[in-house]
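Values below: every heavy atom of this structure, side chains too, minus hydrogens, waters and symmetry copies.
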Amino acid sequence: MAANGPGYPNQNDLLNLGDDDDRSAYSSGQPPPVSDERMLHDYDYETTGAGRISTSHDDFVGSAQPHPATRGLPGGPGVEVTTPGGGAAVMPPFSDPGRNYSQTSGLNNYQRYSDMDNDTYSEAGAYYAAGGNIDEDNVPGLPLNQRSQHRSRNSILSMGGGIAGRVKNALGMAPEYSEMDLPLTEQRVQRAESGTTIPDQPAQPRKTPGSKFKFGLPGRSKPDPSTLGPRIIHLNNPPANAVNKYVDNHVSTTKYNAATFLPKFLFEQFSKYANLFFLFTAILQQIPNISPTNRYTTIVPLGIVLLVSAGKEIIEDNRRRSQDRQLNKSPAKVLRGTRFEDVSWIDVQVGDIIRVQSEESFPADIVLLASSEPEGLCYIETANLDGETNLKIKQAIPETCEYVSSAELARLGGRIRSEQPNSSLYTYEATLTMQSGGGEKELPLAPDQLLLRGATLRNTPWIHGAVVFTGHETKLMRNATGTPIKRTNVERRVNTQILMLVGVLIVLSVISSVGDLVVRLRVGGKLFYLGYTDNFSAASLFFSDLFTYWILYSNLVPISLFVTVEIIKYYQAFLIGSDLDIYYPETDTPSNCRTSSLVEELGQVEYIFSDKTGTLTCNMMEFRQASIGGLQYSEDVPEDRRVSSEEDIGSGIFDFKALDQHRTTDRMGNGERIKLFLQLLSTCHTVIPETNAEKPGVIRYQAASPDEGALVDGAVLLGYKFIARKPKLVTIVSDGVESSYELLAVCEFNSTRKRMSCIYRCPDGKIRCFCKGADTVILERLGIRDDIVEKTLLHLEEYAAEGLRTLCLASREVPEAEYREWYQVFNTAATTVSGNRSEELDKAAELIEHDFTLLGATAIEDKLQDGVPDTIHTLQTAGIKVWVLTGDRQETAINIGMSCKLISEDMTLLIVNEENAEGTRQNIQKKLDAIRSQHAGNVEVETLALVIDGKSLTFALEKDMEKLFLDLAVMCKAVICCRVSPLQKALVVKLVKRHLKAILLAIGDGANDVSMIQAAHIGIGISGVEGLQAARSADVSIAQFRFLRKLLLVHGSWSYQRISKVILYFYYKNTALFITQFWFSFQNAFSGQVIYESWTLSFFNVVFTAMPPFVLGIFDQFVNARLLDRYPQLYQLSQKGIFFRTHNFWSWVGNGFYHSILLYAFGELFYLYDGVRSNGQTKGHWVWGTSLYTAALITVLGKAALITNIWTKYTVIAIPGSLVVWFVFLPVYAIVAPMLNFSTEYTNILPVLLTDPTFWLMAVVLPALCLIRDFAWKYAKRMYYPQSYHHVQEIQKYNIQDYRPRMEQFQKAIRKVRQVQRMRKQRGYAFSQTDESQARVLQAYDTTRERGRYGEMASSRR
């Protein structure tokens, strides 16, 4: 398998899934192996074409096509650069016109925008292949009417037909809506083996229909920045910049604004079929002689429903707006005149010179001018952008790095000619024009000088920079997506069920209309009191009756259902935010449900996509253990492992105090090895010690890698303190004595070597080569493999099994003659200019890195957040699959996967790590075939975990391979994707979303996770150390990953069960009452006569049965929180939709029909012959109707009581209380309404009704008659056909103790054996380090010098 390191046999392939090669499993570790832009175009890699990211890219050094406005300018494109001697100057490396990947549009290899959901992939000559420069109107035979999405993202008409298509796309709700507003894309260069060149194609004006359509008023749309020329930014000249009207620095994550609220909201509301139904009904009611009820009984409730929904949306969007406002008001320091003043982020403008201090985030995209560090160096953390925790090194150009004071900056003039805003995080091209020697000098700017919004300044007191992009034009925001409108699975199903109810209503209306025609034709002459005439048109009468009965039966569709559900969801979200179990007191952070409409989706999640850094881990490294000379040392030693006797060590562990004793006394014969081990830890690194004049003696270490910082801190803990660095000298203090080590050479770390070596002349005069790296590379280079090596390997396996990040340390003495001879080779390699310098340096390093003596190994803990392993294990038990998508290296991700129980010791790892598409296809196909053959042979298949790196994932996401990849992934219990870009995270989520009918949840804490969060059905943001970008864009924000457990298993299950019950109850209660009207039509000759008074009928849902759904939806618990957490398998009930199937819908509607026919039939019997009174008069129609209404109301309230699982004071208020409300309302309304002439039906009925024993008898007998079957069914179901939650309800009721015998010690021993077996097979331990040049950092610093007046540190090279 690809996982085997060099020299190790392929033994870990339990499924015989291995590859034939024995290459390392781990990725190259280069900065993300493919950029977002390049990756987007890997879908059509057989062809290439022309196309540009923007015309502004024509204007940079190295471009083949100068812009007319800049042709001929000094240093501009197209102008030959000469040396003072008159010869042609050598072009700088970044402007080499022959390079393959660049922002320079001279390559013509750009397509402006892409749509990843493109279903149509054509061969040569395709749209993308030509770079998007196809005039689709002029291509013969191009099928414009096909369902294709290959056009510009502005081409709304291409995504939806007609007016409806335009509106849907304008509101972000197209059928194939891509939640991601996909960024600028770079076309993939044709493969080298083809040997073809890329032809130049001039950009032609687009004539695609609808390509300029934008939502809003015509003619008001702004041009896309990338279509403009270069951006000219004047330094210290705000008036000149103001002319260009650059966007301000505000950001907005809101769903609506003042202009779009009404159209977006109305579109969203009327995409619900129920609201369309009621709008149509309300219009019908306004037609004279059609409506049998009051004309306002539908439109008023509909208006109330819309107002309540609008209020909820406004409140939630205002919450987003206030959070945006808080971010926009963050403080920044901007140069005004000759000093820096505090302003808000929103007031930062393009061209401003700003000062950012350590630990602060950059408020905009800025070009680095100067810093407090030597030669303009600074360290930034981009975890918020790409998930990488290693610090990146940025460096100002030499001409500006001396501008350390505000006075000097105030005198700085010139202009920046920059590329236009785009989404590429890893590229940037611009030039800075400055006054020099009476003329102007144009200086190139590269990605090394660009500091992106969202990144954080680390280990650098301050930097000065010029703002180039602000607000929504920053690269971070160009990668962000608009807040999508998400619809839940339950909402979609309810829409379908509403259509079913409308179908039932139409059937009832047709039956009644036909009945009316039959009655009129056969006995119409006898019904003189109905005023029938003989001359009528059957067709017009039929349709008139159809509309009349439509209105009469319209209450079958519950008008108040949606507003009730919206309010219930809002309160469920409020309860989630008020839950103290998911409140984090350390940062005073409660959970925040920003989108309450999605709460029931939390109960149906099948896949979780998680970021690693900051989500699963704390992003803190701690030095935990060390193995030196075959002995283990640890900071915290378990009691059962503590060494009691030095004669019988066995598998015992010493503490760090014992290590100090062994070093000083050499009691265990280990003293010299320990000293070398600690010398290596404290010297072989790229850490910079930072001292503070105010706190002498306190040293702060600047480390580009958190691992390196932890190792140096570990050396300090063990008595070796690193205090100073000069370019060729490192000083450490041990036992109070300063020692200086002369640095002779550094063999830098890179992902191929997986090791770093430093050659020092030590204080004893000897030359030593100190080397640290992954065990696979260190073991190959040992001189002897003795007993100590074997013991160290066992310790490494133990550390890795615990999820610790391990590293091997080795050294050897180098004779003076060998060193001098080697240094000549090394120096020659270091001065190579042929382009393969790094390869030559690697070869040179191999000459001295041999015959090492193993000193030992270290174990660093990448500290997990509290409760992460238990949470992941519990979620997997609940039937949820967890995928981790991280920008970290493969070995690091695997180790974290082990430590957080995502990958367990009994899983077989399937590793996909290929360099090309064909290799990736073969690897995946080979694994799939092996698994399927095992399935076919009925062999027990082992639990699988898939690990795939970013480069292979790029190929796996291609259209022709994505289904293959998905088939393999869904067979695995866990999936880890490493070295993935932010866009790849979203594409993986969308791939699963597109092919599987499953609810997806994405969770992350950085800005790099926003696209993934918004692509999933539910987005969870961690309010963590990487900022609040993810939390602001998410549907729900929590402070810790462990809170996900209660959020899903408890709140999710409750919400889904409650919402399901409320919706079904609504269908039932409306059917039970309003279908009585249908049965009555057979008796009233289909005349349209109503049983009930019209306003009483309207108040049925709004007043008399309004409270029971609320208490069911907010307070009901089918199982309590403790047992839902204790038995996570119960989550599968809601996950599989047990509570809300189509079967449930028809069962409840059928039950409503059953109750309605009982109510009507027995109601007729009770009032046979119109209920003759003792005085000979009849009681009248309205007495019977009110009695039937009362019996129906008691029946539906009794049904609510029957389905209630937990009774609280609110339940008592709601269910019996609703009946009290009716008996209070009835006499008041019956007296007041006739007096006001508001409703005359109840005139004089009160004395008859309340004194009638039949009324009271019906109120008792009819509900009991209806509900006796429901009670019997509930009893039989619980006693003879119980579901799993019925058993747990019994456990809860009788408080039965959980007694499940466990063989914990035995299982623990089995797990330990499996872990060791796994680790022996799966070689290669974590070693996190930057691939950036360590030498330039080491040569720049001299920490013995004091900082200057402005806190700047001068370069050691001067």
(message) Could you tell me if Lys973 and Thr943 have a donor-acceptor pair between their side chains, going purely by distance under 3.5 Å?
(response) no
(request) Examine the side chains of Glu962 and His995 and answer whether a donor and an acceptor come within less than 3.5 Å of each other. (result) yes
(request) Look only at the side chain of Thr254 and the backbone of Arg320, and say whether a donor-acceptor pair between them is shorter than 3.5 Å. (result) no
(message) Working to the nearest 0.5 angstrom, can you tell me the gap between Arg478 CZ and Phe469 CZ?
(response) 9.0 Å
(message) For Arg453 versus Asp365, what's the shortest heavy-atom pair and its separation?
(response) N-OD1, 2.8 Å
(request) Taking Lys475 for its side chain and Thr427 for its backbone only, find out whether a donor-acceptor pair lies under 3.5 Å. (result) yes
(message) As an exercise, state the distance from OG1 of Thr920 to CG of Leu957, rounded to the nearest 0.5 Å.
(response) 10.5 Å
(message) Taking the side chain as everything from C-beta on, heavy atoms only, tell me whether Leu902 gets closer than 4.5 Å to Leu616.
(response) no
(message) Regarding Ser597 and Thr595, do their side chains bring together a donor and an acceptor under 3.5 Å, going by distance alone?
(response) no
(request) Answer yes or no: is there a donor N or O on one side and an acceptor on the other, between the side chain of Lys881 and the main chain of Ile608, under 3.5 Å? (result) no
(request) Quick one: closest heavy-atom pair of Leu1000 and Ala1016, and the distance? (result) O-CB, 3.7 Å
(request) Calculate, to the nearest 0.5 Å, the distance between atoms CG and CD belonging to Asn422 and Glu473 respectively. (result) 11.0 Å
(message) What verdict does the side-chain contact (heavy atoms from CB on, under 4.5 Å) test give for Met961 and Phe955, after you've listed the backbone C-alpha separation in whole Å, the side-chain angles of each residue and the deciding distance to 0.1 Å?
(response) CA-CA 7 Å; Met961 210 186 304; Phe955 305 123; 4.3 Å; yes
(request) State the CE-OG distance between Met1012 and Ser610, to the nearest 0.5 angstrom. (result) 6.5 Å
(message) Taking the side chain as everything from C-beta on, heavy atoms only, tell me whether Asp949 gets closer than 4.5 Å to Leu953.
(response) no
(message) With side-chain contact (heavy atoms from CB on, under 4.5 Å) as the criterion, how do Met971 and Leu928 come out once you've worked through the C-alpha distance, each side chain's angles and the decisive distance to 0.1 Å?
(response) CA-CA 9 Å; Met971 291 180 180; Leu928 262 178; 3.8 Å; yes
(request) May I ask you to decide if Glu268's main-chain N or O and Ser271's side chain share a donor-acceptor pair within less than 3.5 Å? (result) yes
(request) Please name the pair of heavy atoms, one in Ile924 and one in Ala956, separated by the smallest distance, quoted to 0.1 Å. (result) CD1-CB, 4.2 Å
(message) I'd like to check Cys977 versus Thr886 (side-chain heavy atoms, cut-off strictly below 4.5 Å). Are they in contact?
(response) no
(request) Indicate yes or no: at least one non-hydrogen side-chain atom of Asp929 is less than 4.5 angstrom from one of Lys926. (result) no
(message) Does this structure show an ion pair linking Lys951 with Glu915, if we count only N-O contacts that are shorter than 4.0 Å?
(response) yes
(message) Taking Gly950's backbone N and O only, do any of them form a donor-acceptor pair with Gln984's side chain (distance below 3.5 Å, no angle check)?
(response) yes
(message) Please identify which of these residues, Val970, Ile976, Leu968, Thr908, meets the side-chain contact (heavy atoms from CB on, under 4.5 Å) condition with Leu946.
(response) Leu968
(message) Measuring only between side-chain heavy atoms, which start at C-beta, is Asn913 closer than 4.5 Å to Asn923?
(response) no
(message) If you define the side chain from C-beta out and look only at heavy atoms, does anything of Ile931 sit under 4.5 Å from Leu910?
(response) yes
(message) As a quick check of understanding, evaluate side-chain contact (heavy atoms from CB on, under 4.5 Å) for Asp611 and Ile1003, giving each step before the final call.
(response) CA-CA 6 Å; Asp611 177 38; Ile1003 180 169; over 6 Å; no
(message) To the closest 0.5 Å, what do you measure between OG1 (Thr456) and CG (Leu451)?
(response) 11.5 Å
(message) A side-chain contact here means heavy atoms from C-beta on lying under 4.5 Å apart; do Phe609 and Val988 qualify?
(response) yes
(message) Once side-chain hydrogen bond (donor to acceptor under 3.5 Å, both in side chains) is applied, do any residues pair with Asn489, and if so which ones, sequence neighbours excluded?
(response) none
(message) Could you report the tightest heavy-atom contact between Leu1047 and Ile1038, atom names first, then the distance?
(response) CD2-CG2, 4.4 Å
(request) Would you mind reporting whether Val1036 and Arg594 have side-chain heavy atoms less than 4.5 Å apart? (result) no
(request) Show the numbers, then the answer: is there a side-chain contact (heavy atoms from CB on, under 4.5 Å) between Phe965 and Val912? (result) CA-CA 10 Å; Phe965 163 64; Val912 180; over 6 Å; no
(request) Could you pull out all residues at least two apart from Asp1035 that satisfy salt bridge (charged side-chain N to carboxylate O under 4.0 Å, His left out)? (result) Lys486
(message) Please determine whether a side-chain nitrogen of the Lys or Arg among Asp967 and Arg932 lies less than 4.0 Å from a carboxylate oxygen of the Asp or Glu.
(response) yes
(request) State, to 0.1 Å, how close Ile1022 and Phe1041 come at their nearest heavy-atom pair, and which atoms those are. (result) CD1-N, 3.9 Å
(request) Would you name the heavy atoms of Ile880 and Gln1135 that are closest together and state the gap between them? (result) CG1-NE2, 3.7 Å
(message) Rounded at 0.5 Å granularity, tell me how far CD in Glu600 sits from CD1 in Ile999.
(response) 9.0 Å
